[in-house]
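The block underneath contains the structure these notes are about, expressed in structure tokens.
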Amino acid sequence: MTEDLFGGPPGEAERIGAGSALLRGFALPSAADLVAAVDAVISAAPFRRMSTPGGQAMSVTMSNAGALGWITDRRGYRYSPVDPQSGRPWPPLPGCVLSLGRAAAALAGYEDFVPDACLINRYEPGSRMSLHQDRDEKDFDAPIVSISLGLPAVFLFGGLSRSERTARVTLAHGDVLVWGGPDRLRFHGVMPLGAGEHPVTGACRINLTLRKAG
DNA sequence: GAGTAACC
DNA sequence: GCTC
């Protein structure tokens, strides 16, 4: 299922599905800026542990930037224009995150991607994300853009039903994964993060997920 | 595969 | 976006 996407350089890119592309190392040139931008967002909207509607604590801690932020609590999964913890709007989507996400989406064939939400997930060793679909967004025409920073993680990329077998893709610091079109509703998740130390992020992985939610 | 919540 |  892996096939050449762009017919060569720059960088390494591969199709991992009809509507999906993995851009290896794509965010490396701006990684320091991205991490600084995340730090600024987090100073205004700190990482917090959310609970699922069923009351289970998530193993990642989360925050958001942009006009809309993904949240979960007893009332369900949804997007909110304000940080429920502060009552204030989420911090603006950093320019370097927006430009990187748009460039990655364009390379993957999504030219007019205008994200309004950036979910920031912090994985510590043992943190995971169980298999799920992203379906709280209003329109599924826009792709999902996932930027990986810090410790590597094994990403699970499944099919349109939960029972389909999953492909395993290691996502490293600087990798950007884009999925949309026929792959937009594919189940996906992340295996428990292994222990380690990364020179840029320390003992964690930061994932930025850009979406058009509204 | 099913239950979990809340909404469609 | 959880757990069994």
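Throughout, a chain's letter reflects where its sequence line sits, starting with A, and its residues are numbered from 1. In this text, all values refer to a predicted model and were calculated from it rather than measured experimentally.
- Criterion: ILVMFWY side-chain heavy atoms under 4.5 Å apart, direct or through other members. Under it, A:L171 and A:F187 are not part of a common hydrophobic cluster.
- Counting non-hydrogen atoms under 4.0 angstrom, A:R135 reaches nothing in the nucleic acid.
- A:R48 and A:D83 are joined by a salt bridge, as a carboxylate oxygen and a charged side-chain nitrogen come within less than 4.0 angstrom of each other.
- The residues A:R184 and A:D141 are annotated as not salt-bridged, no charged nitrogen and carboxylate oxygen being separated by less than 4.0 angstrom.
- A:I206 and A:M191 are assigned to two separate hydrophobic clusters, defined by single-linkage of ILVMFWY side chains at heavy-atom distances under 4.5 Å.
- When distances run from any side-chain atom of A:Q56 to the nucleotides B:dA6, C:dG1, C:dT3, the shortest one goes to C:dT3.
- Remark: C1' of B:dA5 and CD1 of A:I71 are 14 Å apart, rounded to the nearest angstrom.
- Taking syn as a glycosidic angle within 90° of 0, B:dG1 does not qualify and is anti.
- With rounding to whole Å, A:E137 atom CD is found 11 Å from C:dG1 atom P.
- Per the geometry, CG belonging to A:L131 stands 10 Å off P belonging to C:dG1, to the nearest Å.
- Of the listed nucleotides (C:dG1, B:dA6, B:dA5), B:dA5 has the atom at the smallest distance from the side chain of A:P53.
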Show every donor-acceptor pair shorter than 3.5 Å between a side-chain atom in residues 95-104 of chain A and any protein atom, with sequence neighbours excluded, or say none if there are none.
{"residue": "A:S99", "atom": "OG", "partner": "A:G95", "partner atom": "O", "Å": "3.0"}
{"residue": "A:S99", "atom": "OG", "partner": "A:C96", "partner atom": "O", "Å": "3.3"}
{"residue": "A:R102", "atom": "NE", "partner": "A:F113", "partner atom": "O", "Å": "2.9"}

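- Counting to the nearest Å, the C1' atom of B:dG1 and the CD atom of A:E164 are 15 Å from each other.
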ask   = Can you list the steps and then say if A:V114 with A:K212 is a side chain to side chain contact (heavy atoms under 4.5 Å, CB included)?
value = CA-CA 6 Å; A:V114 184; A:K212 182 184 185 321; 5.7 Å; no

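- Backbone-only engagement by A:R74 is indicated by non-hydrogen atom pairs under 4.0 Å involving sugar-phosphate atoms exclusively.
- For the pair A:R205 and A:Y123, the cation-pi criterion (under 6.0 Å, within 45° of the ring axis) is fulfilled.
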query = So what's the dot-bracket for DNA chain B: Watson-Crick or G-U pairs under 3.5 Å, [ ] if a pair crosses, | if it pairs off-strand?
reply = |||.....

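- Distance, A:I120 CD1 to C:dG1 P: 20 Å, rounded to whole Å.
- In this structure, A:Y77 atom OH and B:dA6 atom P are separated by 11 Å, rounded to whole Å.
- Backbone-only contact: A:S163 has heavy atoms under 4.0 Å from sugar-phosphate atoms and none from a base.
- Counting any heavy atom pair closer than 4.0 Å across all strands shown, A:D136 reaches a base atom.
- Here B:dG1 presents its P atom at 11 Å from CZ of A:F187, a figure rounded to the nearest Å.
- Between A:L185 atom CG and B:dC8 atom C1' there is a gap of 15 Å when expressed in whole angstrom units.
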